[in-house]
Protein chains: 2
Amino acid sequence: MDQNARDDAAVGSLLLQDQLCFALYAASRSVTTRYRPLLDELGLTYPQYLVMLVLWEQGSVSVRELGTALQLESSTLSPLLKRLETGGLIRRERRAEDERSVAVRLTPAGADLQEKARAVPLAIGEAMGLTPEQDATAKHLLRLLTENVTRN
Amino acid sequence: MDQNARDDAAVGSLLLQDQLCFALYAASRSVTTRYRPLLDELGLTYPQYLVMLVLWEQGSVSVRELGTALQLESSTLSPLLKRLETGGLIRRERRAEDERSVAVRLTPAGADLQEKARAVPLAIGEAMGLTPEQDATAKHLLRLLTENVTRN
DNA sequence: CTCGATTAAGTTGTGCGCGACTGAATCGAG
DNA sequence: CTCGATTCAGTCGCGCACAACTTAATCGAG
């Protein structure tokens, strides 16, 4: 309560510790750092892991669809996908029905990696140490914030 | 409630949209993107803006103290500070009492920039569109999460 | 006092992340 | 049908972000 009351009064402050944006920035990097040793075992970086999540879920997607799902530009995805392809986890091929579009799909090695990845979300969830209610509240607020910030 | 109940059951899921980590990653980038046009006016990037916040607050700090405040490595800060120094906003000098340490302080131009920066937190706060209670809750949960993830 | 351990800042290499841009394919108003 | 507008993937340049490492200065056990 004291904490919240103090933070409430901080709107418009230039103090670092008052800023929600800094809490967000620090939290995001701390989570990525926490993922690193787990993903090293799979030979993935964190953004590569997110791409693999989409592919495990959807099977085959265009670069554009990946960008929509992950909110990333093609200028970020193209080099990342090239590295995943070099690593033998995905293949890319132009779509016959629209030659502008590129279909990204898993190789057998990429599909196999899903099994090794199953332990990752549990380990991260445990490290975050939030109750299910806190986890749900955080997700809700972050989605709301993202939607507002993107629209405004 | 339905949303929360559905999310509660998602612990350990490999679905992208279930992951708190992705909500965090997307939110952090969306906020940084929202800052960009505002900070362009000041000639700053978002991490540079965070460094300036610390300097406006503290006056003079070592690179190590900046790293502690922002949770950034010297390998990130050193080139960033070099760019701020080239831009005429800060000066760096070895400390007499400990020649390993470097004191970072504002130039007059760097100090003057604070006035132009005052409008930034308000604009961002408005764009985020959270109630004061939601803002405080989000900050609380993000700090808790960061602390847990960093420790575990 | 001394010298191995620690600490501070910086360098290097790799991988994002995005704005600005390019070239090729497709769309669609007229 | 046509040609300007749009869409898609990709390249380029720059600035993080961090692991691994280097160099120089300080610390501290013996």
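Lettering follows sequence order; numbering is per chain, from 1. Since this is a predicted model, take the numbers as computed values, not measurements.
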Secondary-structure string, 5' to 3', Watson-Crick or G-U under 3.5 Å, | for another-strand partners, for DNA chain D: ||||||||||||||||||||||||||||||

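In the hydrophobic clustering of this structure, A:Leu141 does not group with A:Phe22; members are Ile, Leu, Val, Met, Phe, Trp, Tyr whose side-chain heavy atoms approach within less than 4.5 Å, directly or through other members.
Within the nucleic acid shown, A:Thr32 has no heavy atom closer than 4.0 Å to any nucleic acid atom. Contacts of B:Thr45 with the nucleic acid, taken as non-hydrogen atoms under 4.0 Å apart, involve only primed sugar atoms and P, OP1 or OP2. Heavy atoms of A:Arg95 sit nowhere under 4.0 angstrom from any nucleic acid atom. As judged by a 4.0 angstrom heavy-atom cut-off over every strand, A:Leu72 is placed among residues touching the sugar-phosphate backbone only. Among the heavy atoms of the strands lying under 4.0 Å from B:Leu80 are primed sugar atoms or P, OP1, OP2 only; no base atom is included. Among the heavy atoms of the strands lying under 4.0 Å from A:Ser62 are primed sugar atoms or P, OP1, OP2 only; no base atom is included.
At C:dC16, one or more side-chain N or O atoms of A:Arg83 fall inside 4.0 Å of OP1 or OP2 (strictly under the cut-off). Taking 4.0 angstrom as the limit, A:Arg64 places a side-chain polar atom (N or O) nearer than this to OP1 or OP2 of D:dC8. Considering only side-chain N and O atoms, A:Ser75 lies nowhere under 4.0 angstrom from the phosphate OP1 or OP2 of C:dG19. Using a 4.0 Å cut-off, no side-chain N or O of A:Gln71 falls inside it from OP1 or OP2 of C:dC18. Within the 4.0 Å cut-off from OP1 or OP2 of D:dA17, not a single side-chain nitrogen or oxygen of A:Tyr46 is found. Under 4.0 angstrom from either OP1 or OP2 of C:dA9 there lies at least one side-chain N or O belonging to B:Ser101. Applying the 4.0 Å criterion to OP1 and OP2 of D:dT11, one finds that A:Lys82 has a side-chain N or O inside that range. At least one side-chain nitrogen or oxygen of B:Arg92 sits closer than 4.0 Å to the OP1 or OP2 atom of C:dG10.
Distances from the side chain of A:Glu99 to the nucleotides D:dC16, C:dA25, C:dG10 place C:dA25 closest. Picking from C:dG10, D:dC16, C:dC16 the nucleotide with the shortest atom distance to the side chain of A:Thr76 gives C:dC16. You'll find that the side chain of A:Arg36 is closest to D:dC18, out of D:dA25, D:dC18, D:dG15.
Protein atom CG of A:Asp98 is 6 Å distant from nucleotide atom P of C:dC27, rounded to whole Å. Nucleotide C:dA25 holds its P atom 8 Å from the CZ atom of A:Arg94, rounded to whole Å. Following rounding to the nearest Å, A:Leu70 (CG) and C:dG15 (P) show an atom-to-atom distance of 19 Å.
Salt-bridge check for A:Asp135 with A:Lys139: passed, with a basic side-chain N closer than 4.0 Å to an acidic carboxylate O.
In terms of position on DNA chain C, the residue among B:Val63 and A:Pro79 whose nearest nucleotide sits closer to the 5' end is B:Val63.
Atom CG in B:Leu55 sits 11.0 Å away from atom CG in A:Leu16 (nearest 0.5 Å).
Minimum interatomic distance between A:Thr146 and A:Thr150 (heavy atoms only, all atoms of both residues): O-OG1, 2.7 Å. Heavy atoms only, all atoms of each residue included: A:Gln17 and B:Ala69 are closest at NE2-O, 4.1 Å.
Checking each of A:Leu20, A:Thr137, A:Leu144 against B:Gln134 for a side chain to side chain contact (heavy atoms under 4.5 Å, CB included) leaves exactly one that passes, namely A:Leu144. Looking at A:Arg100, A:Arg95, A:Arg94 one by one, the single match for side-chain hydrogen bond (donor to acceptor under 3.5 Å, both in side chains) with A:Asp98 turns out to be A:Arg100.
Note: A:Tyr35 and A:Tyr46 have tilted aromatic rings, judged against thresholds of 30 and 60 degrees for the angle between ring planes.
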